[in-house]
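What follows is a set of notes on a single structure, which appears directly below.
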There are 2 protein chains.
Amino acid sequence: MVEKTGRPAYLQIVDELRAQIRAGSLPPGTALPSIAQLCERFEVSASVVKSAISVLRTEGLVVGQQGKGVFVREAPASTVEPEPSGINAEILDQLTQMRASVKELGDRLAALESAVFPKPK
Amino acid sequence: MVEKTGRPAYLQIVDELRAQIRAGSLPPGTALPSIAQLCERFEVSASVVKSAISVLRTEGLVVGQQGKGVFVREAPASTVEPEPSGINAEILDQLTQMRASVKELGDRLAALESAVFPKPK
DNA sequence: CTTGACAACTTAGAATTCCAAGCGTTCCAT
DNA sequence: ATGGAACGCTTGGAATTCTAAGTTGTCAAG
């Protein structure tokens, strides 16, 4: 699958995956093959696959979840506008991270609470 | 410039450069500082700077020319609405402050945790 | 003066190696 | 039987190293 065209390998993988997403063979909500599997399929190193997934992430086509996988976004909505929603994408990204941080704080607080105030059950 | 928030270093650099481009201190057509210079300024490795520039490239904000440099794209064209950008800047600013607050809460929680759960590590 | 070689600097792509963190399962001991 | 520890798989971030290729400037030889 190396396809020795002049096109960089990671962009070829981006094209491939983007096409599969658009064609519906990777419907929204489904997980992409794991990085290791993609490495094997395309016969490239992990860095190439990571670069490709990174592009798809900044394009908003997929979202990665640590420990689970990379999932096709539910609402692709306005397909890949390079610049128009740059700031909005930025804000959404930061909000995502903030939500994760707050959730993590909540979890830790809950753990502390159940340690300090034993469960009255 | 490391800014020990939870935000990854390469995204912090993306934010910084994007802000400078939008603010006009890096007008269209000008070259960004070289990767080596950015490494020095932000005190990170080349891989981080490369990641940041890669994001800006896929966002279409800059274009790289081998052997010369990375240049701010002419004509961002697609409507950089003045009003919303002000609002968005405001939101981004508040997000920054929130990130700091969350970080501080995390630190205090960590202190509490190590007091309640002694570390036998 | 012109031309060619060369060195220095630049981005781009790729590989490899770590480490951190999250999730899910298994499995064992209390 | 249920709770918790351990393990394996996963993504994410970062550093380092290498190669390729393009630009620019210098400098010496013809």
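First the proteins, then the strands, lettered A, B, ... as listed; each starts at 1. Bear in mind the structure is a predicted one, so any value in this text is a computation, not a measurement.
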Margin query: Quiz question: going by heavy-atom distance under 3.5 Å, is there a donor-acceptor pair between the base of D:dA15 and the side chain of B:Ser47?
Written below: yes

Notebook entry, point to check: What is the distance from CD of A:Gln66 to C1' of C:dC23, rounded to the nearest Å?
Noted result: 10 Å

Item checked: B:Pro8 side chain, from C-beta outward: closest of D:dT23, D:dT11, D:dA14 -> D:dA14

Next item on the list: Whole angstrom is fine here: how far is it from CZ in B:Phe42 over to C1' in D:dA15?
Entry: 18 Å

Next item on the list: Name the closest nucleotide to the B:Ala36 side chain, picking from D:dT11, C:dT10, D:dG13.
Entry: C:dT10

Check: For B:Ile35 and C:dA12, what is the distance between atoms CD1 and C1' respectively, to the nearest whole Å?
Finding: 8 Å

Next item on the list: Check every atom of C:dA12, C:dT16, C:dG13 against the side chain of A:Tyr10 and return the nucleotide holding the closest atom.
Entry: C:dG13

Next item on the list: Using atom CD of B:Gln12 as one end and atom P of D:dG13 as the other, report the distance to the nearest whole Å.
Entry: 12 Å

Check: Any sub-3.5 Å donor-acceptor pair from B:Ser54's side-chain atoms to B:Lys50's backbone N or O?
Finding: no

Notebook entry, point to check: Just how far, in rounded Å, is P of D:dG12 from CD1 of A:Ile53?
Noted result: 7 Å

Margin query: Which heavy atom of A:Ala52 sits nearest to which heavy atom of A:Ile13, and what is that distance?
Written below: CB-CG2, 3.8 Å

Next item on the list: Give a yes or no on whether B:Glu40 atom CD has more than 12 heavy-atom contacts from other residues, nucleotides or ligands under 6.0 Å away.
Entry: no

Margin query: Rounding to an integer number of Å, can you tell me how far B:Gln65 CD sits from D:dT23 P?
Written below: 8 Å

Margin query: So, under a plain 3.5 Å distance rule, would you say the side chain of A:Lys50 forms a donor-acceptor pair with the base of D:dG13?
Written below: yes

Next item on the list: To the nearest Å, give me how far apart CG (A:Leu38) and P (C:dA14) are.
Entry: 15 Å

Check: Pick the nucleotide of DNA chain C nearest each of B:Ser34 and A:Gly67; which residue has the one closer to the 5' end?
Finding: B:Ser34

Note to self: Quiz question: by atom type and distance under 3.5 Å, do the side chains of B:Gln12 and B:Glu16 form a donor-acceptor pair?
What the structure shows: no

Check: If you check every side-chain atom of A:Val48, which of D:dT23, C:dC23, C:dA15 has the closest atom?
Finding: C:dA15

Check: Could you state the CZ-C1' distance from A:Arg7 to C:dA14, rounded to the nearest angstrom?
Finding: 16 Å

Check: Nearest to the side chain of A:Val44 - C:dA12, C:dA15, D:dG12?
Finding: C:dA15

Check: Of the candidate nucleotides C:dG24, D:dA15, C:dA14, which contains the atom at the shortest distance from the side chain of A:Ser45?
Finding: C:dA14

Notebook entry, point to check: Is the phosphate of C:dA12, meaning OP1 or OP2, less than 4.0 Å from a side-chain N or O of B:Arg57?
Noted result: yes

Next item on the list: Please check if the side chain of B:Gln65 supplies one atom and the backbone of B:Val70 the other of a donor-acceptor pair under 3.5 Å.
Entry: no

